[in-house]
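Some notes on the structure that comes next.
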Amino acid sequence: MIGRFAPSPSGPLHLGNLRTALLAWWAARGAGSAFLLRVEDLDPSSRPEHEAGQLADLRRLGLDWDGAVVRQSERRDLYEDALDRLVAAGLTYPCYCTRREIRDATRAPHEAPDAYPGTCRDLPAVRRRSREAEGRPPALRLRSDGVAVAVEDALHGTIRGVVDDVVLRRNDGLPAYNLVVVVDDADQGVEEVVRADDLLSSTPRQAHLARMLGLPTPAYLHVPLVLGPDGARLAKRHGSVTLADATRAGVAAPVVRARLAASLGLADPGADPPPLDRAALPRRPTVWDGAWVVP
Ligand code: GLU
Ligand code: ZN
């Protein structure tokens, strides 16, 4: 079960991210498998210093990985190739919508409020030309035909989703997350994706994209998030939430690691972790109370 952790270097990892990393590492290592590290640095908010800090935090927690760190910014050809194949298969169309237009569009009662309403799916040529003349570069979307996809998750069971016309290339020219994650996981031979469950709803999209590209789908384990006291995803504004904060408060990295495991009802897995009992993991989010950074 080759595993991976795929952080976005847009800031320091908080202890919720690090708990997910610990589980991803444990799932792979506990099965005697390789564990890979992929830096998802396509977005312009990525910074090399954040990458360095994130990798240092993982090492301090005793997490190791095989081979060199893979950076998405160095793999653009791979994503272009996948995009070309989807375009050639007639599975894409340009979308000229602004965020506001998508937000304000009318939707059928059965459509999710944030789903793309399909405005540009069958745009007549004259309308397309007039939108092109406005000069705003289009995004590229998948023609999903509203396909229903079911995915198995080790913790959540069968996840069903209607795939929307997800963005494949952003209108700033960058290949979009849902595409690159599928291309990378397949290219790297990832067999099990362990990540936070805020990405659960994107999983049917990714499974569908993999199928359209003729790529294998990995197994999935979506683990609960750590939430701030306000119920929002843990973030810097919630106070002392990083490993550096814990160190400053006098809590050593091994203690933090044991606390991360304990928050999931698990004992510290040590350097050579036993098999991770996936089904025994809690399904509820953990609410942050600051105790992890109290000496
Ligand atoms: N880079 C994503 C994040 O940091 C994770 C993507 C994934 O695990 O599929 O949220
Ligand atoms: Zn559109």
Side-chain angles (χ1 to χ4, degrees), residues 3-14 16-21 23-25 27-28 35-43 45-46 50-51 54 57-58 69-73 92-107 115-124 127-128 130-132 134 136-144 151 153 164-171 174-186 188 190 192-207 209-210 217-223 225-226 233-235:
R4 50 77 158 177
F5 184 59
S8 304
S10 54
L13 294 170
H14 58 62
N17 303 133
L18 289 168
R19 188 175 81 163
T20 301
L23 280 176
W25 171 86
F35 183 64
L36 310 175
L37 198 84
R38 178 170 81 234
V39 176
E40 304 212 317
D41 61 349
L42 289 177
D43 193 87
S45 63
S46 304
H50 290 316
E51 177 192 311
Q54 293 183 345
D57 281 2
L58 294 171
V69 169
V70 164
R71 286 182 198 86
Q72 290 185 326
S73 58
T92 67
Y93 62 88
C95 168
Y96 301 89
C97 295
T98 60
R99 268 175 217 271
R100 174 185 292 255
E101 284 169 333
I102 293 172
R103 194 191 60 207
D104 296 346
T106 47
R107 290 176 174 79
Y116 177 65
T119 319
C120 301
R121 193 180 295 136
D122 299 301
L123 213 57
R127 293 257 301 137
R128 179 169 301 183
S130 76
R131 301 239 40 183
E132 260 162 27
E134 290 166 14
R136 197 154 26 83
L140 199 66
R141 285 186 183 273
L142 175 73
R143 204 175 275 284
S144 69
V151 180
D153 183 274
D164 63 345
D165 287 357
V166 62
V167 172
L168 302 171
R169 186 198 292 288
R170 303 166 14 165
N171 64 9
L174 287 171
Y177 160 70
N178 282 297
L179 176 80
V180 297
V181 71
V182 166
V183 170
D184 279 335
D185 283 335
Q188 295 185 276
V190 171
E192 185 181 42
V193 168
V194 178
R195 62 186 176 190
D197 65 10
D198 55 335
L199 288 166
L200 192 61
S201 64
S202 280
T203 308
R205 294 173 171 145
Q206 295 172 12
L209 268 173
T217 36
Y220 291 101
L221 170 59
H222 286 88
V223 297
L225 286 172
V226 179
R233 265 188 283 180
L234 192 63

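Counting convention: from 1, in listed order, for ligands and their atoms alike. Numbering starts at 1 and runs along the sequence shown.
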Checklist line | Presence of salt bridge, Glu101 and Arg131, under 4.0 angstrom | finding: yes
Are Arg143 and Asp122 close enough for a salt bridge, meaning some N to O gap below 4.0 Å?
yes
Distance, nearest 0.5 Å, that separates [atom1] of [X] from [atom2] of [Y]:
X      : Y      : atom1 : atom2 : value
Leu179 : Thr92  : CG    : OG1   : 11.0 Å
Thr217 : Gln206 : OG1   : CD    : 11.0 Å
Asp165 : Arg121 : CG    : CZ    : 4.0 Å

Dump all N/O pairs between ligand 1 and the protein below 3.5 Å as a table: atom names plus distance, one pair per row.
unit_1   : atom_1 : unit_2 : atom_2 : d
ligand 1 : 1 (N)  : Ala6   : O      : 2.8
ligand 1 : 1 (N)  : Ser8   : OG     : 2.9
ligand 1 : 1 (N)  : Glu40  : OE1    : 2.6
ligand 1 : 4 (O)  : Ser8   : OG     : 3.3
ligand 1 : 8 (O)  : Arg4   : NH1    : 2.6
ligand 1 : 9 (O)  : Arg4   : NH2    : 3.1
ligand 1 : 9 (O)  : Tyr177 : OH     : 2.8
ligand 1 : 9 (O)  : Arg195 : NH1    : 2.8

Contacts of Tyr177 meeting ring-ring contact (aromatic ring centres under 6.0 Å, His included) (sequence neighbours excluded), chain-then-number -> none
Ignoring hydrogens and geometry beyond distance, is a side-chain donor-acceptor pair present between Arg195 and Thr203 at under 3.5 Å? yes
Listing protein N, O or S under 2.8 Å around the Zn ion (ligand 2) gives Cys95 SG, Cys97 SG, Tyr116 OH, Cys120 SG
The side-chain hydrogen bond (donor to acceptor under 3.5 Å, both in side chains) partners of Asp41 (sequence neighbours excluded) come to Ser73
- Query: Are the side chain of Glu192 and the backbone N or O of Ala24 linked by a donor-acceptor pair below 3.5 Å?
  - Reply: no
